[in-house]
Participant: 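Pasting a structure below so you can have a look.
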Amino acid sequence: MSATLIYGERDAILIDAPHLEEQSRQVAEWVLASGKNLVAVYATHGHGDHWFGFSEVANHFPDARMIATEGTAALAEFTAGKRMAFWNGQFPGQIVKDIALPEVVDDYTFLQEGEEVRFVEAGNSDGPDTTFAPAP
């Protein structure tokens, strides 16, 4: 499981959310314990183990935006449709219910408390259209 919290004095952005329901719940509780206001959850690429947990996190932070780059969002949509049987077969009864697709960010930046968080294309690494968010 891998999730990163980028935060300032008040607000935070969660980078990736796990695919399993229990793990996603643990990540949401970790973010809650930080005391930060989660404003966004960002998917680094479209494999389900990086964004299926968005809906579980949103149960605790309903105002947080679920975001991704265009390529990541396209693969997420494909995964949510044609690849769900694969994911459910690999992790029967464990995948987050009612997954929510990320929305496409307008550009490759997100402002958090006036500071720019930049999303960088890494090409085809763990999957097509993989991205990362370097430390500010």
Side-chain angles (χ1 to χ4, degrees):
M1 170 172 57
S2 176
T4 302
L5 193 64
I6 299 174
Y7 59 90
E9 288 188 33
R10 297 175 315 279
D11 297 334
I13 299 173
L14 179 65
I15 308 298
D16 290 335
H19 57 306
L20 303 181
E21 196 166 35
E22 181 57 33
Q23 289 179 346
S24 296
R25 191 173 302 113
Q26 290 171 1
V27 167
E29 290 169 1
W30 171 63
V31 176
L32 279 168
S34 76
K36 304 299 180 185
N37 175 42
L38 189 67
V39 295
V41 185
Y42 176 74
T44 56
H45 68 276
H47 290 161
D49 58 334
H50 290 259
W51 64 272
F52 282 170
F54 282 11
S55 59
E56 182 64 37
V57 173
N59 288 336
H60 300 279
F61 298 95
D63 295 330
R65 291 177 59 199
M66 295 175 268
I67 59 175
T69 60
E70 186 175 359
T72 294
L75 183 55
E77 186 173 352
F78 173 79
T79 299
K82 302 206 183 284
R83 296 289 291 165
M84 284 309 297
F86 165 80
W87 286 98
N88 285 318
Q90 295 295 308
F91 304 96
Q94 300 174 69
I95 299 291
V96 172
K97 317 284 184 288
D98 303 319
I99 59 171
L101 290 169
E103 66 180 87
V104 176
V105 291
D106 294 332
D107 58 20
Y108 287 82
T109 60
F110 188 87
L111 282 180
Q112 176 188 332
E113 295 182 9
E115 296 292 325
E116 187 177 271
V117 176
R118 179 168 295 283
F119 308 123
V120 179
E121 290 283 352
N124 189 5
S125 57
D126 188 28
D129 298 312
T130 297
T131 63
F132 64 93

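A quick note: this is a predicted structure, and the numbers were derived from the prediction, not measured.
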Participant: Please give me the minimum heavy-atom distance between Glu22 and Arg25, naming the atom from each residue.
Facilitator: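 In terms of heavy atoms, the two residues are closest at OE1-NH1, 2.7 Å.
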Participant: Answer whether the closest heavy-atom distance between the side chains of Glu116 and Leu111 falls below 4.5 Å.
Facilitator: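 Yes, at least one pair of side-chain atoms sits under 4.5 Å.
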Participant: What donor-acceptor contacts under 3.5 angstrom involve side-chain atoms of residues 6-20, with partners at least two apart or in another chain?
Facilitator:
unit_1, atom_1, unit_2, atom_2, d
Asp11, OD1, Asn37, ND2, 3.1
Asp16, OD1, Thr44, N, 2.8
Asp16, OD1, Thr44, OG1, 3.1
Asp16, OD2, Thr44, OG1, 2.8
Asp16, OD2, His50, ND1, 2.8

Participant: Give, for atom OG1 of Thr69 and atom NE2 of His45, the distance between the pair rounded to the nearest 0.5 Å.
Facilitator: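 Here the rounded value is 11.0 Å.
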Participant: Scan residues 89-99 for pairs that pass salt bridge (charged side-chain N to carboxylate O under 4.0 Å, His left out), counting only residues two or more places apart or in two chains.
Facilitator: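 For residues 89-99, and leaving out neighbouring residues, the salt bridge (charged side-chain N to carboxylate O under 4.0 Å, His left out) pairs sorted by first residue read Glu21-Lys97.
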Participant: What is the distance from atom CD of Gln23 to atom CG of Asp49, rounded to the nearest 0.5 Å?
Facilitator: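 Atom-to-atom, Gln23:CD and Asp49:CG are 9.5 Å apart.
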Participant: With Asp107, which residues qualify under side chain to side chain donor-acceptor pair (under 3.5 Å), at least two apart?
Facilitator: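 Thr109.
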Participant: Taking all atoms of both residues into account, what is the closest heavy-atom pair of Phe61 and Ala28, and its distance?
Facilitator: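 The pair with the smallest heavy-atom distance is CE1-O, 4.1 Å.
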Participant: For Ala3 versus Trp30, what's the shortest heavy-atom pair and its separation?
Facilitator: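 Smallest heavy-atom distance, with atoms named: O-CH2, 4.0 Å.
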Participant: Who are the side chain to side chain contact (heavy atoms under 4.5 Å, CB included) partners of Glu70, not counting sequence neighbours?
Facilitator: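 Listed in chain order: Val104.
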Participant: Glu103: which residues meet the side chain to side chain contact (heavy atoms under 4.5 Å, CB included) condition with it, sequence neighbours left out?
Facilitator: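 Applying side chain to side chain contact (heavy atoms under 4.5 Å, CB included) to Glu103 gives Arg65, Ile67.
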Participant: Under 4.5 Å between any side-chain heavy atoms of Phe54 and Ile99, yes or no?
Facilitator: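 In short, these two side chains do not touch, never coming nearer than 4.5 Å.
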Participant: Can you give the donor-acceptor pairs under 3.5 Å from side chains of residues 73-88 to other protein atoms, not counting sequence neighbours?
Facilitator:
unit_1, atom_1, unit_2, atom_2, d
Thr79, OG1, Gly46, O, 3.3
Thr79, OG1, Leu75, O, 2.8
Asn88, ND2, Met84, O, 3.2

Participant: So, Tyr42 versus Phe119, ring centres under 6.0 angstrom or not?
Facilitator: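 When the ring centroids of Tyr42 and Phe119 are compared, they turn out to be within the sub-6.0 Å range.
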Participant: Give the minimum heavy-atom separation between Trp51 and Ala43, together with the two atoms involved.
Facilitator: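 Shortest heavy-atom contact: CB-CB, 3.8 Å.
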Participant: Looking at every heavy atom in both Ser24 and Gly53, which two are closest together, and how far apart are they?
Facilitator: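 Answer, listing the atom of Ser24 first, then Gly53: OG-CA, 3.2 Å.
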